[in-house]
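Let me begin by presenting the structure, written as structure tokens, before commenting on it.
We name chains A, B, ... by the order of the sequence lines, and we start the count at 1 in each one.
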There are 2 protein chains.
Amino acid sequence: MHSYTEENYLKALFNLSAEKGEVSPNEVSKQLGIKMPTVNSMMKKLAEKKLVIYESYKPIRLTEKGKKEAGLIIRKHRLTEMFLVQQMGFGWEEVHEIAEQIEHLQSPVFFEKMDALLGYPKIDPHGSPIPDKTGKMEWIKYEKLSSCKAGDTVKLAAVIHTTDDFLKFLNQRGLQLGLKLKIKRVEKFDGSMEVGYTKNPSEVLSHTVCERLLVERV
Amino acid sequence: MHSYTEENYLKALFNLSAEKGEVSPNEVSKQLGIKMPTVNSMMKKLAEKKLVIYESYKPIRLTEKGKKEAGLIIRKHRLTEMFLVQQMGFGWEEVHEIAEQIEHLQSPVFFEKMDALLGYPKIDPHGSPIPDKTGKMEWIKYEKLSSCKAGDTVKLAAVIHTTDDFLKFLNQRGLQLGLKLKIKRVEKFDGSMEVGYTKNPSEVLSHTVCERLLVERV
DNA sequence: GTAATAACTTAGATTAATCTAACAAATAAA
DNA sequence: TTTATTTGTTAGATTAATCTAAGTTATTAC
């Protein structure tokens, strides 16, 4: 359908515009590590194909068609991550790079098989929602750990900004999805938190970390 | 390392030159569905990279380096086919197309994991040997069914020229690897054979089919 | 052994995706 | 509000992979 390259732009646009619904060429350029003039001409091309709405000096917006296409690529990415973890035994910090490649495969049966083998999962190994077959995706309304208070007990539901380093950091501390955390103390001046959980009665997490952990109340 | 395109040329060269050790540009052109001038310039490029030996109006030969690279791609292809059949439940007629894409992924860990999960298989689902980690591959010396005689009992060991149609033909007749066949009759004038096996006491196979089935004596 | 055919090569054009250099517009700072 | 900075655009070049058209070399057929 679309080229490998176009798919990567669509994905970047989808992720970057998630909050505001629009992105600047500059952001896309930085995200993909591609120079602005290249982004510019690609946006013209995607606009031709009715995947984005784009006018000079105005922000870029995905069309409905563009959102759908992007959602379907992200679906393939997240299904793949789930497959790599659940069926192949990879760690959650290892799967992103592989999924970046597999997401571009053109083979509906392959992804349908994955989906079926996994029992039609709704989330990926990091707790991010897997878009449905129409490309639509919805985040469950989790709270950030950073917005919780001392005394709260919560369950780790998702991780955002999942770089390999961050995931390894969590691995080292035995922090995984589903883990029940008791918030023991919140440091006012820097927002760091002391939490306790099964394997570790006292762990201090920086504000930056707490901002990246999404939790459910228990 | 090499581009997707280069990899496809290497694979084609490997397969086409398997018997004689050399190929003509014309054969490559037909195999890949690419016009001769394109093949010509790609051969110059691969010669630059020391992957092939090529001089005008002479046949093309892979260098040792070229054979190794090609072998490693075929390794990835066949490991993938095995994975798709054994771990994901695909039929042997469905896997080629998917493997054509996955073989180009750049992720050693991914293929190592596959290999391990499969128990380091030596053959793919069609009985073709999987090259080792150095790209080397050896065919076990099977016999063609067509070279057997009435009264022989053999075991189906591999299938060659495995088009989807042919594999579906075999599926319909319950012919699968490992199956024990008794040769009941060989028709002299057209080389067709009547064979019997568990599910089917009498099946007539054309000479063309018998040429594509490799067997071991039992 | 020449002529016809097939195979091969060269030359030059095209498309996709990228870049740099230079210019234009919008935003931020003074 | 003028200037400086950042952001965005245009123009033109580059590389990889392809093509068509035209010419060249081998091979096959007579």
Side-chain angles (χ1 to χ4, degrees), chain A residues 1-14 16-17 19-62 66 69-70 73 100-101 103-106, chain B residues 1-14 16-17 19-62 66 69-70 73 100-101 103-106:
Chain A
M1 192 85 99
H2 309 294
S3 73
Y4 188 104
T5 309
E6 284 168 347
E7 291 194 348
N8 280 335
Y9 279 91
L10 285 174
K11 201 159 53 103
L13 292 169
F14 190 95
L16 290 169
S17 65
E19 284 149 38
K20 294 191 298 178
E22 50 184 53
V23 222
S24 69
N26 194 31
E27 289 172 287
V28 178
S29 168
K30 279 173 189 157
Q31 170 82 11
L32 293 175
I34 281 171
K35 293 290 186 295
M36 281 224 285
T38 311
V39 172
N40 192 278
S41 51
M42 182 58 81
M43 288 311 116
K44 286 177 183 170
K45 187 178 175 186
L46 295 182
E48 277 292 316
K49 292 194 171 188
K50 306 287 181 201
L51 293 164
V52 304
I53 295 168
Y54 164 68
E55 285 173 277
S56 282
Y57 298 102
K58 286 188 181 168
I60 303 149
R61 276 174 300 136
L62 282 167
E69 302 288 339
I73 298 160
E100 284 284 315
Q101 299 184 55
E103 71 191 5
H104 299 292
L105 300 192
Q106 300 298 325
Chain B
M1 190 87 99
H2 308 293
S3 73
Y4 188 104
T5 309
E6 285 168 347
E7 291 195 347
N8 280 335
Y9 278 91
L10 285 174
K11 202 160 52 101
L13 291 170
F14 190 95
L16 290 170
S17 65
E19 283 149 39
K20 293 192 297 177
E22 49 184 54
V23 223
S24 68
N26 194 33
E27 289 172 287
V28 178
S29 168
K30 279 172 188 158
Q31 170 81 10
L32 293 174
I34 281 171
K35 293 290 185 295
M36 283 225 284
T38 310
V39 172
N40 192 280
S41 52
M42 183 56 82
M43 289 311 115
K44 287 177 181 168
K45 188 177 174 188
L46 295 183
E48 277 292 316
K49 293 194 171 186
K50 306 287 182 201
L51 293 164
V52 303
I53 295 169
Y54 164 68
E55 286 172 276
S56 283
Y57 298 103
K58 285 187 183 172
I60 303 149
R61 274 173 302 137
L62 282 167
E69 301 289 340
I73 299 159
E100 284 284 314
Q101 299 183 58
E103 70 191 5
H104 300 291
L105 301 191
Q106 299 298 325

Side-chain N or O of B:Asn40 closer than 4.0 Å to phosphate OP1/OP2 of C:dC8: no
Short side-chain N/O contact to C:dT18 OP1/OP2 from A:Tyr9, under 4.0 Å: yes
Check every strand shown and say whether [X] touches a base, only sugar-phosphate, or nothing at a heavy-atom separation below 4.0 Å.
{"X": "B:Lys44", "result": "sugar-phosphate"}
{"X": "A:Tyr54", "result": "sugar-phosphate"}
{"X": "A:Ser41", "result": "base"}

Expressed in angstrom and rounded to an integer, what is the separation of A:Ile34 atom CD1 from D:dG8 atom C1'? 17 Å
For the pair made of CE in B:Met43 and P in D:dT18, what is the distance, rounded to whole Å? 10 Å
Are [X] and [Y] side-chain neighbours, meaning at least one heavy-atom pair lies under 4.5 Å?
{"X": "A:Val39", "Y": "A:Leu32", "value": "no"}
{"X": "B:His2", "Y": "B:Ile73", "value": "no"}
{"X": "A:Leu46", "Y": "A:Tyr54", "value": "no"}
{"X": "B:Glu69", "Y": "B:Phe14", "value": "no"}

Heavy atoms from C-beta onward define the side chain here; which of C:dA7, D:dT9, D:dT18 lies closest to that of A:Pro25? D:dT9
State which of C:dA7, C:dT9, D:dG8 makes the closest approach to the side chain of B:Ser56. C:dT9
Which atoms form the tightest heavy-atom contact between B:Leu62 and B:Val52, and what is the distance? CD2-CG1, 3.9 Å
Could you list the residues that satisfy side chain to side chain contact (heavy atoms under 4.5 Å, CB included) with A:Asn8, not counting sequence neighbours? A:Tyr4, A:Lys11, A:Glu103, A:His104
Pairing residues for B:Glu55 by the salt bridge (Lys or Arg N to Asp or Glu O under 4.0 Å) criterion, not counting sequence neighbours: B:Lys58
According to salt bridge (Lys or Arg N to Asp or Glu O under 4.0 Å), who are the partners of B:Lys49, at least two apart in sequence or on a separate chain? B:Glu6
Polar pairs (N or O, both sides) under 3.5 Å between protein and nucleotides 14-16 of chain D?
none

Please tabulate the protein-to-nucleotide N/O contacts below 3.5 Å involving nucleotides 20-28 of chain C, giving atom names and distances.
from: C:dA25; atom 1: O4'; to: A:Tyr57; atom 2: OH; distance (Å): 3.3

Would you list the pairs meeting side-chain hydrogen bond (donor to acceptor under 3.5 Å, both in side chains) in which at least one residue belongs to residues 26-38 of chain B, sequence neighbours left out? B:Ser24-B:Glu27
